[in-house]
Protein chains: 2
Amino acid sequence: MTEAPAEQAGAKRVRLDQRMIVDAMLRLARDEPHARITFKRLGEALGVDATAMYRHFRNKDELLKAALDRIMGWATEAGRESSGTWRERLEVHLMRTAELALEYPSIGAEGAVIDSVGPGDTSAIEFMLEMLAESGLRDEELLRAYAAISGFSLSQSSALANDVLRHPDAARDGSEPWISTFGSINLSGYPLVNRHRDALLAMDGLTVYRAGIAAILDAVELAASR
Amino acid sequence: MTEAPAEQAGAKRVRLDQRMIVDAMLRLARDEPHARITFKRLGEALGVDATAMYRHFRNKDELLKAALDRIMGWATEAGRESSGTWRERLEVHLMRTAELALEYPSIGAEGAVIDSVGPGDTSAIEFMLEMLAESGLRDEELLRAYAAISGFSLSQSSALANDVLRHPDAARDGSEPWISTFGSINLSGYPLVNRHRDALLAMDGLTVYRAGIAAILDAVELAASR
DNA sequence: ACCTGAACACCGTTCAAGT
DNA sequence: ACCTGAACACCGTTCAAGT
């Protein structure tokens, strides 16, 4: 569609650095939500050869890691800037995580695959531990709660992002159905599925995410109250 | 390594069907846990050209869907054959789901990406609804619980499988660390991460899975008791 | 020191040709 | 009716050559 847009028209040779590349990658992820990012597209967007990125990142995984870390940092900022109870602030952070995964699908999709462990990721862990410590949990219980929450949040956000990425006509607000169809299956053999058929098909991705978060946080409150 | 093994040495022309292809794919997924399955490898294993599969499946996604549905069916069988309380039986099913994803990494990795919606998948939904109905939950609460559990189980199992798939030396029993390293990050800026550093690094994938399942089922019991 | 561009070893998928 | 094999349009990655 768009002609290869050299970012600065005058510049003969573009001077790259890691920051610029990650910026371009994030921009691309947001602008082309239904396409996996390739070095070719990235190079076009930066006005640079497709292989130029290898001067600054060992491989594509390292690049994705850096981009993912930025997103994790943003999600943590949202949590830090919020006010309210520990649960409300944790929910702000977790919802922002899913929103950002949906906004940058090709990055968010990697959330379950890569552990970035940069400053953004580490600050997210710190924030979650902080909120859970406020709930009253300690030691092993604290860590189990962190595991449950971060595991769910990352892997389910990644699933939501993958859904957008793979379906060219998918909405980006988490409103894609969790179960798209029962196809040609005769549901008479599955009485409960049959009874709840319409409700199951009406359930969207973000609803599933919210349900998981709510359940886990209910369990955290229960454990903390004992 | 291995020479292209035509399955039946005598057969001039191999006669394919969907079942054979899915069988071969599952065998390959189990035997080569650190490699994504390609049509080339699948064709070699079946003694057939790489493009022969297109007679039986529209594309690779449809094939993966069929294989995933088989796995979901097995996980459901494990739950059905178990005895005990609804929670114990549900746990059997959920643990089996993760185990199978780890045993067939290249199939399990797709669990969060594809909704198979074949008989295996549908029977899994039916089983989960059945167990949750036994807990006493009804209607919206039942569906929210189902959403939380199936969302977590599928997406987190898929994350575990991806971990095996992408790391050539990864163990296949879920014992891969959830956080592999804090790299070069100076943890003095993250006091809680720093305090729990060793415990965080000691946490493995299956522990995270168990923690999530336990939390969600605790919440289900809490909701059911009201 | 850093970017280019040819080259390599793959992928999934299509399609005309075989049997 | 079903499998073959050449061909296509991609990928990530390497490396010698440029500047």
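All values derive from a computational prediction rather than experimental measurement. Proteins come first, then strands; the chains are lettered A, B, ... in the order of their sequence lines, and each starts at number 1.
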**Item:** Separation of atom CG in B:D49 from atom C1' in C:dA16, rounded to whole Å
**Value:** 14 Å
**Prompt:** Rounded to whole angstroms, how far apart are CG on B:L46 and P on D:dC2?
**Reply:** 16 Å
**Item:** ring pair (Phe, Tyr, Trp, His ring centres under 6.0 Å) partners for A:F182, two or more places apart
**Value:** none
**Asked** How would you list, by chain and number, every residue that makes a ring pair (Phe, Tyr, Trp, His ring centres under 6.0 Å) with A:F57, sequence neighbours excluded?
**Response** none
**Message:** For D:dC3 and B:H56 - does any side-chain N or O of the residue sit under 4.0 Å from the phosphate oxygens OP1/OP2?
**Reply:** yes
**Message:** Pair A:K60, A:F39 - check side chain to side chain contact (heavy atoms under 4.5 Å, CB included), show working.
**Reply:** CA-CA 8 Å; A:K60 203 184 177 188; A:F39 278 126; 3.8 Å; yes
**Message:** How many whole angstroms separate atom CD1 of A:I37 from atom C1' of D:dC11?
**Reply:** 14 Å
**Request:** Would you please name every residue forming a side-chain contact (heavy atoms from CB on, under 4.5 Å) with A:A52, sequence neighbours left out?
**Result:** A:L16, A:V48
**For atom CZ of A:F57 and atom C1' of D:dG12, their distance in whole Å** = 16 Å
**Message:** Using a 4.0 Å cut-off on heavy atoms, which residues in residues 59-71 of chain B reach DNA chain D? List them by number, or say none.
**Reply:** none
**Item:** Closest listed nucleotide, where the reference is the side chain of A:T38 and the choices are C:dG12, D:dC3, D:dG12
**Value:** D:dG12
**For atom NZ of B:K40 and atom P of D:dG5, their distance in whole Å** = 14 Å
**Request:** Using the side chain to side chain donor-acceptor pair (under 3.5 Å) rule, collect all pairs that involve residues 185-201 of chain B, keeping only residues at least two apart or in two chains.
**Result:** B:N186-B:S188
**Item:** Selection from D:dT13, C:dT4, C:dG12 that lies nearest to any side-chain heavy atom of A:Y54
**Value:** D:dT13
**Prompt:** For A:T51 and A:R36, take the nucleotide of DNA chain D holding the closest heavy atom to each; which residue's nucleotide lies nearer the 5' end?
**Reply:** A:R36
**Request:** Identify which nucleotide among D:dG12, D:dC2, C:dG12 has an atom closest to any side-chain atom of A:F39, counting heavy atoms from C-beta outward.
**Result:** D:dG12
**Item:** Ranges pairing with ranges for DNA chain D, where each run has three or more Watson-Crick or G-U pairs under 3.5 Å
**Value:** C:4-8 with D:12-16, C:12-16 with D:4-8
**Request:** Nearest whole angstrom, please: distance from the P of C:dC11 to the CE of B:M53.
**Result:** 13 Å
**Request:** Return the set of residues passing side-chain contact (heavy atoms from CB on, under 4.5 Å) with A:S180 (not counting sequence neighbours), or none when no residue passes.
**Result:** B:D115
**Message:** Could you check whether A:W74 and A:Y104 have their ring centres less than 6.0 Å apart?
**Reply:** yes
**Prompt:** When the distance from CZ of A:R55 to C1' of D:dG12 is rounded to whole Å, what number comes out?
**Reply:** 17 Å
**Item:** Per B:V48 side chain, nearest of listed nucleotides C:dT4, D:dT13, D:dC3
**Value:** D:dC3
Please tabulate, one pair per line, all N/O donor-acceptor pairs under 3.5 Å involving side-chain atoms of residues 95-102 of chain B, not counting sequence neighbours.
{"unit_1": "B:R96", "atom_1": "NH1", "unit_2": "B:E99", "atom_2": "OE1", "d": "2.7"}
{"unit_1": "B:T97", "atom_1": "OG1", "unit_2": "B:H93", "atom_2": "O", "d": "2.9"}

**Request:** Please state how far atom CG in B:L16 lies from atom P in D:dA1, giving the value in whole angstrom units.
**Result:** 17 Å
**Test side-chain contact (heavy atoms from CB on, under 4.5 Å) applied to B:D173 - qualifying residues, sequence neighbours left out** = B:A171, B:S175
